[in-house]
Amino acid sequence: MAPQLTALYKHSYSNVAFDVIVASDNNALDFLLLHRNSLFPGVPVVFCGINDIFKYRFDPGSGYTGISEASDIAATIAIGLKLHPSTKKVILLSDATETGLINIALAKKVAVQFPAISFVEMADLTAPQLSLALNALEDDTIVLDLGFFRDTEGRAFAARESMDFILSASRRPVYTLWDFAMAPGAMGGKLISGRLQGENAAALVTRILRGARADALDIIESPTAYTFDYEGLKKFGIDESVLPVGAIVTGKPDTFYSRYKVYLWFGAALFAAQILIIALLLSNIARRRREEHARKEAVNALRETNQMFSLFMRHSPVNVFIKEMTATGSRILMASENFREMIGVPGSEMVG
């Protein structure tokens with residue numbers, strides 16, 4: 001295949017000056033490492049979706065950079081065993097492509113961390129053979145899909161098509177390593193984000209187009225996150241509360257609440273704030289009314305007291321006067337009528 005592809009590229013692009021090349025898997029990168037200098041001399045390469053990046057050695061100034069696909073196989077197996085504690089066997093499902101065989105090898109290295117579990121390879125099968133094998137799995141088994149994209153008869157599967165096929169054949173939980181391989185009913189795992197890989201690769205391409213040297217840009221490790229499918233969790237009776245902290249659950253029913261929950265919570269908060277403001281206003285009004293009522297009662301009491309005192313001063317049978325003593329002297333503040341008559345001084349002249 002490589003000689004024909006090389007001839008095709010040479011014929012089609014011998015007069016085209018490329019600014020950058022993107023390699024999307026191990027096969028593409030292997031091809032470029034062999035033929036780039038003759039087909040596209042000096043053109044920088046950005047790779048993504050590359051497994052087992054440590055087997056590659058890039059010479060200084062070679063013009064290669066990209067995203068390494070470091071699958072967290074151990075974490076995915078561990079969460080599968082936690083969610084299905086009766087598991088005794090894990091199926092390592094793959095095809096016979098280079099990427100598939102690399103993933104199988106990586107999984108076998110990880111398997112030693114789980115000595116109580118039996119690991120069984122399912123690779124290099126036709127689609128019918130795989131369907132029969134999956135359908136016959138026992139209840140103590142889970143499946144780890146390491147990439148079944150081509151069977152031994154040459155039939156190719158897209159990522160979603162592959163997972164749909166596996167789910168249709170397997171009664172047991174199916175885990176995977178990539179978010180783009182997820183489908184309703186799959187369990188999930190510690191997944192690599194294909195979208196983020198693409199975004200990171202595009203960012204590297206942009207920097208190269210703006211003048212950066214490819215080999216001066218660090219190789220980036222693809223981000224991973226615990227991701228699970230709602231239907232898969234429901235199918236095997238797994239509650240979301242037992243999932244790792246921060247886990248993402250995809251495929252939840254599109255209810256009115258799930259679609260508008262941000263607006264609903266905002267509306268509820270706004271309504272609560274309005275109720276609080278109204279309550280404070282009513283409390284303030286009630287307080288003011290109590291204060292006004294107390295003030296009126298105090299004024300009425302003072303008025304009654306003044307009236308009683310005035311009557312006393314006017315009709316008292318004894319002579320009464322009120323005198324204020326100070327450091328510098330004294331002055332009369334009030335005098336009864338009979339006192340004023342006795343002294344013979346008008347009240348207006350006596351007071352003060």
Side-chain angles (χ1 to χ4, degrees), residues 51 71-191 226-239 242-243 250-251:
N51 306 103
S71 306
D72 199 340
I73 298 175
T76 297
I77 294 174
I79 192 61
L81 298 179
K82 177 183 177 181
L83 298 181
H84 310 278
S86 62
T87 299
K88 297 180 180 178
K89 185 185 299 181
V90 175
I91 301 299
L92 302 178
L93 172 59
S94 177
D95 56 25
T97 63
E98 180 181 4
T99 299
L101 296 177
I102 289 173
N103 286 333
I104 284 283
L106 292 173
K108 289 170 69 175
K109 290 181 181 179
V110 168
V112 298
Q113 301 178 27
F114 308 94
I117 304 299
S118 173
F119 289 83
V120 179
E121 295 180 38
M122 280 191 186
D124 203 20
L125 299 176
T126 65
Q129 289 172 338
L130 178 59
S131 179
L132 290 173
L134 291 174
N135 189 58
L137 294 179
E138 299 176 350
D139 292 343
D140 61 354
T141 307
I142 63 174
V143 178
L144 177 58
D145 175 22
L146 298 169
F148 182 77
F149 303 119
R150 183 181 302 163
D151 72 358
T152 55
E153 293 181 338
R155 179 183 176 185
F157 296 84
R160 178 63 180 270
E161 182 184 14
S162 171
M163 181 57 75
D164 285 338
F165 168 72
I166 294 169
L167 291 172
S168 68
S170 175
R171 298 179 297 105
R172 303 303 303 144
V174 178
Y175 287 81
T176 185
L177 302 174
W178 307 276
D179 62 350
F180 56 79
M182 286 286 283
M187 288 302 302
K190 189 79 174 289
L191 305 188
Y226 282 108
T227 307
F228 302 90
D229 179 72
Y230 178 82
E231 287 190 19
L233 296 175
K234 185 178 179 181
K235 179 179 179 181
F236 293 99
I238 297 172
D239 191 86
V242 302
L243 300 179
T250 61

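Please read all numbers here as calculations on a predicted model, not as lab measurements.
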request  = With the side chain counted from C-beta on, respond yes when L146 and L177 share a heavy-atom pair under 4.5 Å apart, and no when they do not.
outcome  = yes
inquiry  = Can you pull out every salt bridge (charged side-chain N to carboxylate O under 4.0 Å, His left out) where at least one residue sits in residues 228-238? Sequence neighbours excluded, please.
reply    = none
query = Nearest heavy-atom pair of A183 and M163: which atoms, and what distance?
reply = CB-CG, 3.6 Å
message = Just so I know, are the side chains of I142 and I91 near enough to count as touching, which here means a heavy-atom distance under 4.5 Å?
response = no
ask   = Quick one: does D95's side chain have a donor or acceptor within less than 3.5 Å of a partner on F149's backbone?
value = yes
message = Tell me every residue that passes salt bridge (Lys or Arg N to Asp or Glu O under 4.0 Å) with D239, counting only those two or more places apart in sequence or in another chain.
response = none
query = Under 4.5 Å between any side-chain heavy atoms of I77 and L144, yes or no?
reply = yes
remark   = Applied to residues 89-124, the ring-ring contact (aromatic ring centres under 6.0 Å, His included) test, sequence neighbours excluded, yields none
inquiry  = Under the rule for side-chain hydrogen bond (donor to acceptor under 3.5 Å, both in side chains), what residues qualify as partners of Q129, not counting sequence neighbours?
reply    = T126
key: Test salt bridge (Lys or Arg N to Asp or Glu O under 4.0 Å) applied to D124 - qualifying residues, sequence neighbours left out   = none
key: ring-ring contact (aromatic ring centres under 6.0 Å, His included) pairs, two or more places apart, involving residues 84-112   = H84-Y175, H84-F236
task = May I ask you to test the D151-L130 pair for a side-chain heavy-atom distance under 4.5 Å?
result = no
ask   = So D140 and T87, side chain to side chain contact (heavy atoms under 4.5 Å, CB included) or not? Walk me through it.
value = CA-CA 4 Å; D140 61 354; T87 299; 5.9 Å; no
request  = Report the C-alpha separation of L137 and S170 in whole Å, then their side-chain angles, then the decisive distance to 0.1 Å, and conclude whether the side chain to side chain contact (heavy atoms under 4.5 Å, CB included) test is met.
outcome  = CA-CA 7 Å; L137 294 179; S170 175; 4.2 Å; yes
ask   = Which pair of heavy atoms, one from G232 and one from M187, lies closest together, and at what distance?
value = O-SD, 3.5 Å
inquiry  = For F165 versus S131, what's the shortest heavy-atom pair and its separation?
reply    = CZ-CB, 4.0 Å
ask   = By side chain to side chain contact (heavy atoms under 4.5 Å, CB included), which residues pair with T99, not counting sequence neighbours?
value = N26, N51, T97, N103
ask   = CH2/W178 to OG/S71 distance, rounded to the nearest 0.5 angstrom?
value = 5.5 Å
Verdict with supporting geometry, K190 and I79, side chain to side chain contact (heavy atoms under 4.5 Å, CB included) = CA-CA 8 Å; K190 189 79 174 289; I79 192 61; over 6 Å; no
task = With sequence neighbours left out, write down each residue that passes salt bridge (Lys or Arg N to Asp or Glu O under 4.0 Å) with D179, or none if nothing qualifies.
result = none
ask   = So, do I73 and K109 sit near enough that their side-chain heavy atoms are less than 4.5 Å apart?
value = no
key: From E138 atom CD to K89 atom NZ, the distance as rounded to the nearest 0.5 Å   = 5.0 Å
ask   = Would you say T250 and T227 make side-chain contact, with heavy atoms under 4.5 Å?
value = yes
Residues which pass salt bridge (Lys or Arg N to Asp or Glu O under 4.0 Å) with K108, listed by chain and number, not counting sequence neighbours = E121
request  = Check whether any side-chain heavy atom of I166 sits under 4.5 Å from a side-chain heavy atom of L134, and report yes or no.
outcome  = yes
ask   = Say you draw a straight line from OG of S162 to CZ of R155; how long is it, rounded to the nearest 0.5 Å?
value = 10.0 Å
key: Stepwise side chain to side chain contact (heavy atoms under 4.5 Å, CB included) test for F228 and L243   = CA-CA 9 Å; F228 302 90; L243 300 179; 3.9 Å; yes
key: Beyond-backbone contact of L81 with I117, side-chain heavy atoms, under 4.5 angstrom   = yes
message = Within the supplied structure, the quantity of interest is the number of heavy atoms (other residues, nucleotides, ligands) at a distance under 6.0 Å from R171 CZ; does it exceed 12?
response = yes
message = Once rounded to the nearest 0.5 Å, what's the spacing between atom CG of L93 and atom OG1 of T176?
response = 9.5 Å
message = On a heavy-atom basis, which atom in P184 and which in L167 lie closest, and how many Å separate them?
response = O-CD1, 3.4 Å
Sequence-distant partners of A74, side chain to side chain contact (heavy atoms under 4.5 Å, CB included), two or more places apart = D72, V110, Q113
task = Just jot down the side-chain hydrogen bond (donor to acceptor under 3.5 Å, both in side chains) partners of E98, sequence neighbours excluded, or say none.
result = K55
key: Main-chain N/O of V143 paired to R172 side chain as donor or acceptor, under 3.5 Å   = no
inquiry  = Could you work out, with ring-ring contact (aromatic ring centres under 6.0 Å, His included) as the rule, every residue matching F148, not counting sequence neighbours?
reply    = F157
